[in-house]
Amino acid sequence: MAMTMTYDEFKALHLSIDMTRGKPAAAQLDLSLDLIEAAPSVGYRSRDGIDCRNYGHVLGLPESRELGAQLLGVPAEQVVAAGNSSLELMHDALAFGMLHGMPGGEAWRRANEVAFLCPVPGYDRHFAICEALGIRMIAVPMNDDGPDMEKVEALVAADPAIKGIWCTPLYSNPTGAIYSRGCVDRLARMPTAAPDFRLFWDDAYRFHHLTDERYASPDILTACARAGHPDRALVFASTSKVTFAGGGIAMLAASPANIAWWQRHNGVRTIGPDKLNQLRHVRYLRDRATLERLMERHRAILQPKFDALDATLRALLGDVPGVSWTKPCGGYFVSLYTPDGYAKRTVELAAQAGVVLTPAGAAFPYRLDPRDRHLRIAPSCPSLGEIEQAGQAIALSLRKALDEGARRER
Ligand code: PMP
């Protein structure tokens with residue numbers, strides 16, 4: 001495809017490309033086909049003789065909690081191996097907070113107001129949970145090394161209604177930010193007006209490197225314990241983008257008090273997780289080294305896609321003032337910044353040209369990007385060729401939007 005194509009010429013190609021969500025490509029899912037193919041030989045008896053076909057073990061199969069412990073770097077007693085979705089665990093933890101309160105605290109629903117800090121741009125589904133549960137969202141800026149800690153510290157020190165903050169500490173969705181050691185220590189140490197304040201620590205991209213440098217997620221549980229706030233962090237992770245998206249195992253890691261709290265409330269909600277899937281995952285993933293080898297194969301599929309997007313954007317937008325984008329070292333997303341006021345129009349024009357992007361504003365609480373300048377691009381699922389075309393559509397759409405703006409000003 002010629003790089004010099006106009007917007008109208010591109011539109012005339014009548015393409016249809018979906019860049020909305022960070023789903024793994026089929027080739028990535030194929031990497032774990034053994035999970036299905038080896039299922040008959042795995043059977044239903046766990047290492048300890050547990051019949052995984054039956055109810056029970058609300059905190060998860062012991063060997064799958066041990067695998068979680070190895071993957072997350074915490075003791076197995078502090079890990080819950082759960083169902084197929086970490087987002088579900090985050091939702092439930094917040095719902096339990098609203099309905100019952102955190103260990104030792106009052107139910108949040110009894111307070112006049114409950115608020116959460118939301119580093120922006122952030123993950124739209126975190127914000128959707130807050131919105132659904134009536135939790136007021138307060139946006140704080142996200143920097144390359146984590147949230148703006150001056151702002152975070154000032155807000156949480158002053159307002160007891162602020163009960164928590166969303167954190168995606170490694171290869172953040174959607175900017176790729178990597179929380180620095182300093183930021184993590186400040187989050188662990190900071191005085192909060194709410195005694196039951198929580199870090200919702202979503203470690204979704206803990207294993208999802210895109211470069212030779214394997215950044216490590218900071219150990220927030222230890223940092224909090226050292227700072228005298230052992231119950232402050234709830235750590236969430238899953239194998240959704242390791243094995244099957246929505247078909248893996250999710251994990252929660254936290255202090256013993258938080259795990260007991262979780263068990264109390266979750267034990268009302270379920271008689272236990274799908275231990276057959278947990279058993280299959282333990283046999284397939286085995287240990288951290290095996291998982292890391294699998295993630296290298298994911299990277300071999302993903303990295304060329306991120307590189308192709310970056311190269312296309314560089315070729316077509318490199319000379320446009322006020323336009324920038326991230327080149328993440330891991331995770332599933334690229335953030336592109338337009339000059340103020342052009343994100344919505346760019347998404348609209350791209351859709352008209354056959355490329356559907358995440359709606360502008362989606363990465364902000366209440367879907368409101370105050371500067372209308374952020375686009376979230378998800379290059380994982382489409383083919384390499386489609387990504388080049390999508391990059392071209394974004395560039396041509398943004399240039400057209402800027403031309404329209406310049407004409408209006410003339
Ligand atoms: N957290 C983040 C930051 C994500 O990007 C995603 C997937 N897009 C999830 C959680 C969802 O994880 P799960 O499949 O375990 O629910």
Side-chain angles (χ1 to χ4, degrees), residues 1-30 121 124 173-174 176 210 245 298 300-328 331-363 367 369 372-408 410:
M1 187 179 293
M3 283 295 197
T4 49
M5 194 176 274
T6 65
Y7 175 83
D8 290 326
E9 285 165 349
F10 186 94
K11 193 172 166 184
L13 296 174
H14 297 293
L15 299 175
S16 171
I17 302 173
D18 184 350
M19 300 282 283
T20 53
R21 299 233 62 103
K23 292 196 286 192
Q28 292 177 264
L29 303 172
D30 286 345
D124 53 350
N173 175 352
L210 286 169
H298 280 283
I301 297 170
L302 284 171
Q303 193 182 358
K305 296 185 177 184
F306 280 80
D307 288 347
L309 178 67
D310 183 64
T312 309
L313 295 177
R314 237 179 314 123
L316 299 180
L317 290 174
D319 61 336
V320 183
V323 176
S324 64
W325 58 91
T326 56
K327 189 150 197 305
Y332 263 61
F333 299 99
V334 169
S335 280
L336 184 142
Y337 297 93
T338 72
D340 287 12
Y342 286 95
K344 265 205 186 98
R345 182 63 183 145
T346 302
V347 170
E348 209 170 83
L349 287 167
Q352 287 166 18
V355 175
V356 192
L357 300 172
T358 311
R367 296 163 293 283
D369 173 1
D372 184 29
R373 65 171 189 144
H374 177 261
L375 299 183
R376 182 180 89 169
I377 311 176
S380 55
C381 202
S383 68
L384 251 180
E386 285 175 328
I387 283 160
E388 281 164 6
Q389 289 171 326
Q392 198 167 21
I394 293 164
L396 293 170
S397 300
L398 174 52
R399 280 181 173 275
K400 186 174 167 69
L402 292 170
D403 280 349
E404 289 170 353
R407 247 180 282 125
R408 271 196 308 276
R410 256 185 249 131

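Hydrogens, waters and symmetry mates play no part in the numbers below; they use all other heavy atoms, side chains included. Quick caveat: nothing in here was measured; it's all calculated off a predicted structure.
- The distance from the CG atom of Leu396 to the CG atom of Leu317 is 8.5 Å, given to the nearest 0.5 Å.
- Taking the side chain as every heavy atom from C-beta outward, Leu398 and Leu375 never approach each other to under 4.5 Å.
- By the 4.5 Å heavy-atom criterion applied to side chains, Gln389 and Val355 are not counted as neighbours.
- Not a single donor-acceptor pair under 3.5 Å links the side chain of Glu388 to the backbone N or O of Gly385.
- Side-chain atoms of Asp372 come within 3.5 Å of backbone atoms of Lys344 as a donor-acceptor pair (strictly under, hydrogens ignored).
- No side-chain heavy atom of Lys305 sits under 4.5 Å from any side-chain heavy atom of Ser380.
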Practice item. Show your reasoning for whether salt bridge (charged side-chain N to carboxylate O under 4.0 Å, His left out) applies to Asp319 and Arg399. Key: CA-CA 11 Å; Asp319 61 336; Arg399 280 181 173 275; 2.6 Å; yes
Check your understanding: After noting the C-alpha distance and the side-chain angles of Thr20 and Asp18, does the key distance pass the side-chain hydrogen bond (donor to acceptor under 3.5 Å, both in side chains) rule?
Key -> CA-CA 6 Å; Thr20 53; Asp18 184 350; 2.6 Å; yes
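- Between Leu336 and Ser324, the closest side-chain pair of non-hydrogen atoms is not below 4.5 Å.
- Salt bridge annotation for Arg314-Asp310: present, with a cationic side-chain nitrogen under 4.0 angstrom from a carboxylate oxygen.
- The two residues Ser397 and Tyr7 come nearest to each other via the heavy atoms OG-CE1, 3.6 Å.
- With contacts defined as side-chain heavy-atom distances shorter than 4.5 Å, the pair Lys327/Val334 does not qualify.
- Residues Tyr332 and Leu302 are in side-chain contact: their nearest non-hydrogen atoms beyond the backbone lie under 4.5 Å apart.
- A heavy-atom distance below 4.5 Å is not found between the side chains of Leu316 and Met5.
- Annotation: the span from Ile377 atom CD1 to Trp325 atom CH2 amounts to 9.5 Å, rounded to 0.5 Å.
- Here the side chains of Tyr342 and Arg373 are not in contact, with every heavy-atom distance at 4.5 Å or above.
- In this structure, Leu402 and Pro339 approach most closely via the heavy-atom pair CD2-CG, 3.8 Å.
- Remark: side-chain polar atoms of Ser335 are paired, donor with acceptor, to backbone N or O of Pro174 under 3.5 angstrom.
- Side chain of Arg376 to backbone of Leu357: no donor-acceptor contact under 3.5 angstrom is found.
- The distance from atom CD of Glu404 to atom CZ of Arg345, rounded to the nearest 0.5 Å, is 4.0 Å.
- The CG atom of Asp307 sits 10.5 Å away from atom OG1 of Thr312, with the distance rounded to the nearest 0.5 Å.
- One distance of note links CZ of Phe10 with CG of Leu349; it measures 12.0 Å at 0.5 Å rounding.
- Although no hydrogens or angles enter the test, the distance criterion places no donor-acceptor pair under 3.5 Å between the side chain of Ser16 and the main chain of Gly354.
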